[in-house]
Amino acid sequence: MPPNARVLNVAEKPSVAKEISRVLSNGTARVREGATAWNKVWEFEHVVRGRPVTMVFTSVTGHLSNFEFAEERHRRWASVDPRELLVDARVVKRVPEDKRKTAENVKREARGCDTVILWLDCDREGENIAFEVLEACRQAKPGITALRARFSALGRGDADRALANLVQPNEYEAKAVDMRMELDLRLGAAFTRFNTLALQRAGVGLPVDDKGKSIVSYGPCQFPTLGFIVQRKWDIDAHVSEDFWSIKCSHAREGTNTKFEWSRGRLFDRGFASALHNMCARANVATVIDVDGQESRRWPPHPLNTIEMQKRLNRTLRISPEQIMKIAEDLYNDGFISYPRTETDKFPADFNYDGTLRDLHPHPQFGFYVDQLINGGRFRQPPGGGKDDKAHPPIYPTKLASEAQYQQMRAKNQHAPKVYEFVVRHFLATCSHPAIAMKTHVDIVVAGETFRATGVMIRERNYLDIYGPGPPEGPRLAPAYDNWGNSTLPLYTPGEQFVPALSLHEGQTRPPDYLSEVDLLSLMESHMIGTDATQAQHIEKVVGERGYARKVGDNRLTPTQLGEALVLAYDRMGVADMWLPTKRAKMEADVDAVAKNRLDPNAGLRAHLQAMLDAYDRVAADGLTLTTTVGAFMNGQDNAANGVGHRPMPPGNDINGNGADAFGDLIGVIRDTCPSCQGESTLRSAPGVRNSKSFIASCAVPHCMSRIAMPSCTRDIKIEQEGCGRCQGRLLTFKFSTLYLPVGYQHMQRWSGCIFCDAEFQNLLRACQAEDHPPARESPARRPNPPPVADGYGRGGRGRGGRGGAAGRRRSRAERDEGVGGQQGNCFKCGEAGHWSMNCPN
DNA sequence: GCAAGGTC
C-alpha cells in the first residue's frame, strides 16, 4: 500500500497547531521539533475530503513578512528627502531576518506536501498571513494547492466543520491589510524622519533614549494616543470655573441623618436658586409623597480577557498595561495562569470548572470561598460576555501557587503575586452569584420642590465576598476590586410631614482630571486606535520610549513639553488631523472597504498617499513652526506651555481650508469680510449627538478669533437675504430647543438677528457656554467613559472631535439634573454613585 | 534611527 499523501497545515500560533492536532487526532498526534524552538511539527493520520492523508501540522508566529523600502538609499536617513518615502520610494514585502527560520520551517514541510490548509485566525490579519504563508509554500512547492480552514473555536466539532468546509483564501481581506501596512510604513517613516531631522538641524535639545538616540517619531496610532492626552490637558487649561447653587436637605430620625438630594441637582443662576431656597425655607415642611423599594442585583464580572485585566489591574495596582502584560506572560510561562493575550470573555462549553476550582481549594486565603462554591452550592456557571477570539479561552488560574512559589514570583516582580491573586479572585467571582440588595427611596416635596433619599440594604454579598474587601466575618481581602455599600433609611410613611433642615449650598465646577491609563485605553478602544494587542504598546511608546507624556499624581497622564509642543505644532501647521483620531478612522474605514471589495486597494492607496503628500507639503513648508514651537516649549518660553494666552486650538484650520468634509456641510456665506482676518465668514453644520446638528461660524484663516460655535440648543439656522445694517453680517433665523434654552431665554425659541453685533445673542451665547461647562467629577476613574459628543467649539459627532474631553462638553438635561460632581454624583435613576442614569446598570 | 500588526 502506498504511503498516504501528505497535507501541510499551518496555524497562526503554535498553541493552535497543537490544539487542532490534538482534537483531530484524538490525542494521538506525534510531535517533532521544527526549524525554530516555537514552531513544532505535529503529525497524524486523518481523512480530508474523503482521502486518507498524513496531516503535517505546524505554525508560524504571527506575520511572516513585513513591508520595507526596496532600495538601500531609501532605508538610509541621510541620503533621501523624506517626502520621497510617501510615494516615490518602492516598497516590497519580505520575510525579515528574525522570521527567516519560521519561513524555512514552513518551506521545508511544504516540499513533501501537495496541499496546504491554512488555519490562520479568522480575521483580516489572519487572511493576510495566509497569503504570506502561501507565498513561502509556493517558493518550495510551486504547484501546491491552498485551502483555507475557517474555524470559530478549537473544539473537535469546530475543527471537523472547518475541514468539511474548506474555502479559498480571501484575497480582498489580505489586500486590505497590505494597504494598511504600506500606508503605516510610508507615513511613519516620512514624518518620523522629517520631525527628527528638522528638530535636530534646528538645534532643538531633544530627549535621548537609552540607546543614545533622539527620535521624534510620528505614528498614525502614536499621535492620536498622544493627542488624547494633550487634548485633556487643554480641556483642563480651558476650564473656567462656574459658580453653582443647590439646596441641601436633610432630616434626623432614629439616630440617622438622612440626606435628600434635590431633583434639580444644581442651578447656575444664583437668583433663581436663592428664590427656590427661600420658598422652601418659608414653607419649612416636607411631605412624604412616595416610599418604594425594589430588589436590585449587582452582577459579577465576565470571564477575564486581556483588556479587562489591564484596566482592572491598572486601576488598583497602578502599574502600566505594558508591565501587567510582562508579569502575566511570566505567570503564564511558569504555568500559573492561562494564556494572557486573549479577547475572549466566555468560557467554552466544556470548560472544566470543577477541576480548576479543586486545584485552588487549598489556597490559604481564598480556599474558604472555593469551599463555598464547590461544597456550599454557591457555584454558578458564568454566562460570559460576547467576545471570542476563537483561539484562546479567558484568563484563569491554572495552578495553585505554593508559599515557596509565591516567594519566587515576588523575587521576579513585586507585583506578580497580586496579578496572580487577581486572576484567581476574578475567576472565583465569575463563578459566583450576583450580590442582591434591597434598594429603597423616599421622595419628599417641600414647597413644590422634590427631593429624594435612597438606601441600600445588602441581602446577599455572594461574589463580593471574594471580589470585594472580604466577607464581614473575615478574612479581609486586599485590594477590593468591587464593593457595594450599605446605607439604610429610617422608616417614612407616605403622607407624613416633618420639618427638614434646609440650606443653600454654593459650589464651583472643577476642571476634569488628567487622563488615567484606563481612560486612555477606553478612548483608544472607542476610536479604534490600535488593537487589543497593541494599545498597551502604543501607550508605552508615547509615555515611555518617546517621552511625549509622563505619569503624574495618582496614575494620571500628562503631556511632556515635547509632547504638547508636537501636537500644538501640528495643529498650528494646519494638519490637526495628524493628531486627531479621525485620520486613523478614515484609514480603517477604507481598509474595511477594500476587505469587502467595495474599494480598489490601489485607489485607496493613492487617495491616502495623496492626502499624506498634502500634509507633508504643509508641514515641510512650515517647518519653522515645528522647530520654533517645540524649541520654545523645550526652553519653557511658549506661553501656551503655561496656559497663558492660549486656548486649546480646535482643528480650525481645516474648517474652511479643506472644504465641506473638514467640518460638515457648508450652509452659506454669512459675512463677506471678517474684520479680524479679512476673509469670508461661513456657516457650516455637522452631525451632532442624538440626531442633533452642531453649527459653527468661521473664517478663512486658521484660528481666526472671530469664529463662533453656535449654542448647543440650536436646532436649525437659516441665512436670510437681508443684511444686518450695523455690520456686514447677514441676518440669521434660529430655531432653538425650548428644552435646552437656558433659564431666562425661553422667548428666543425662534429668533432672527445678527450674531456678530446683537447683544441679546451674545448674552445667550455666554449663558449657553456657562451651562455647557461641566461640573467637576468626584472620581473619574469610576465613571463610565463619556460618549463622544459635540464640544464647545462645535466639532460635533462621533469621530470628529468628540474625544471625551470634558471642558465644554455638552451634557443632557437629564445628566445635569443628576448633580454629577462636586460632593454629589449619584445616578438619578438608582441613586448610586459612580455612574449616570444613561449608563445605569440597575 | 522610522510604523503597526501579528506572536514567543
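Note on naming: letters A, B, ... go to the chains in the order of the sequence lines (proteins, then strands), and numbering restarts at 1 for each one. What you see below is based on every heavy atom in this structure, not just the backbone, and it leaves out hydrogens, waters and symmetry mates.
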S.K.: Please state how far atom CZ in A/Arg73 lies from atom P in B/dC2, giving the value in whole angstrom units.
M.R.: 20 Å
S.K.: For A/Arg584, which contact category applies under a 4.0 Å heavy-atom criterion: base, sugar-phosphate, or nothing?
M.R.: sugar-phosphate
S.K.: Is there a side-chain contact between A/His538 and the phosphate of B/dG5, meaning an N or O under 4.0 Å from OP1 or OP2?
M.R.: yes
S.K.: Side chain of A/Asp184 only, please: which of B/dC8, B/dG5, B/dA4 is the nearest?
M.R.: B/dA4
S.K.: From B/dC8, B/dA4, B/dG1, pick the nucleotide closest to the side chain of A/Ile215?
M.R.: B/dG1
S.K.: Rounded to the Å, how far apart are A/Glu132 CD and B/dG5 C1'?
M.R.: 10 Å
S.K.: Once you round to the nearest 0.5 Å, how far does CG of A/Leu605 lie from CG of A/Asp178?
M.R.: 9.5 Å
S.K.: Just compare B/dC2, B/dT7, B/dA4 and give me whichever is closest to any side-chain atom of A/Arg341.
M.R.: B/dT7
S.K.: So does A/Arg32 have more than 12 non-hydrogen atoms from other groups sitting under 6.0 Å from CZ?
M.R.: yes
S.K.: Around atom NZ of A/Lys18, are there more than 12 heavy atoms from other residues, nucleotides or ligands closer than 6.0 Å?
M.R.: no
S.K.: Does the side chain of A/Lys541 get closer than 4.0 angstrom to OP1 or OP2 of B/dA4 through an N or O atom?
M.R.: no
S.K.: Could you work out which one of B/dC8, B/dA4, B/dC2 sits closest to the side chain of A/Pro14?
M.R.: B/dC8
S.K.: Classify the nucleic acid contact of A/Leu185 as base, sugar-phosphate or nothing, counting any heavy atom under 4.0 Å across all strands shown.
M.R.: base
S.K.: Using a heavy-atom cut-off of 4.0 Å across all strands, would you classify A/Thr531 as base, sugar-phosphate, or nothing?
M.R.: sugar-phosphate
S.K.: For A/Gly530, answer base if it contacts any base atom (sugar-phosphate contacts may also be present), sugar-phosphate if it contacts only those atoms, and nothing otherwise; contact means non-hydrogen atoms under 4.0 Å.
M.R.: sugar-phosphate
S.K.: Looking only at side-chain atoms of A/His63, point me to the closest of B/dC2, B/dT7, B/dG5.
M.R.: B/dG5
S.K.: Over how many whole Å does the gap from A/Trp77 atom CH2 to B/dC2 atom C1' extend?
M.R.: 5 Å
S.K.: Using the side-chain heavy atoms of A/Lys213, tell me which of these nucleotides is nearest: B/dG1, B/dC2, B/dG5.
M.R.: B/dG1
S.K.: Determine: side-chain N/O of A/Ser217 to OP1/OP2 of B/dA3, distance under 4.0 Å, yes or no.
M.R.: yes
S.K.: Take atom CZ of A/Arg180 and atom C1' of B/dA3, then tell me their distance rounded to the nearest Å.
M.R.: 9 Å
S.K.: Roughly, in whole Å, what's the span from CG in A/Leu86 to C1' in B/dA3?
M.R.: 12 Å
S.K.: More than 12 non-hydrogen atoms from neighbouring residues, nucleotides or ligands closer than 6.0 Å to OH on A/Tyr172, yes or no?
M.R.: no
S.K.: Can you identify which nucleotide, out of B/dC8, B/dA3, B/dG5, has its nearest atom closest to the A/Thr534 side chain?
M.R.: B/dG5
S.K.: How long is the line joining CD of A/Glu19 and P of B/dT7, in whole Å?
M.R.: 16 Å
S.K.: Which nucleotide wins on minimum distance to the side chain of A/Tyr339, given the candidates B/dG1, B/dC2, B/dT7?
M.R.: B/dT7
S.K.: What's the NZ-P distance between A/Lys18 and B/dC8, to the nearest Å?
M.R.: 12 Å
S.K.: Please check if the side chain of A/Asp121 supplies one atom and the backbone of A/Asp123 the other of a donor-acceptor pair under 3.5 Å.
M.R.: no
S.K.: Students often get this wrong, so: under 4.0 angstrom with heavy atoms, is A/Gln200 touching a base, only sugar-phosphate, or nothing?
M.R.: base
S.K.: Under 4.0 angstrom, heavy atoms only, what part of the nucleic acid is A/Glu329 near: base, sugar-phosphate, or nothing?
M.R.: nothing
S.K.: Can you figure out which of B/dC2, B/dC8, B/dT7 approaches the side chain of A/Glu12 most closely?
M.R.: B/dT7
S.K.: Compare all side-chain heavy atoms of A/Pro394 with those of A/Phe347 and state whether any distance is below 4.5 angstrom.
M.R.: yes
S.K.: Is the base of B/dA3 stacked against the aromatic ring of A/Tyr218, taking ring centres under 5.5 Å apart and planes under 30° as the test?
M.R.: no
S.K.: Within the 4.0 Å heavy-atom criterion, would you say A/Ala37 contacts the bases, only the backbone, or no part of the nucleic acid?
M.R.: nothing
S.K.: Contact class for A/Arg124 vs. all strands (heavy atom < 4.0 Å): base, sugar-phosphate, or nothing?
M.R.: nothing
S.K.: Please tell me which of the listed nucleotides, B/dG5, B/dC8, B/dC2, lies nearest to the side chain of A/Glu125?
M.R.: B/dG5
S.K.: Of A/Glu545 and A/Ile529, whose nearest nucleotide on DNA chain B comes first from the 5' end?
M.R.: A/Glu545
S.K.: Give a yes/no answer on whether the side chain of A/Gln222 brings an N or O atom under 4.0 Å of OP1 or OP2 in B/dA4.
M.R.: yes
S.K.: Measure the distance from CG on A/Leu120 to C1' on B/dT7 and round it to the nearest whole Å.
M.R.: 12 Å
S.K.: Identify the two heavy atoms, one from A/Arg75 and one from A/Ala70, that lie closest to each other, and give their separation to 0.1 Å.
M.R.: NH1-O, 3.2 Å
S.K.: Assess whether atom CZ of A/Arg100 is packed by more than 12 heavy atoms of other residues, nucleotides or ligands within 6.0 Å.
M.R.: no
S.K.: Is A/Asp121 touching bases, backbone alone, or none of the nucleic acid, heavy atoms closer than 4.0 Å?
M.R.: sugar-phosphate
S.K.: Here's a test of your reading of the structure: between A/Ala190 and A/Gly62, which maps to the more 5' nucleotide of DNA chain B?
M.R.: A/Ala190
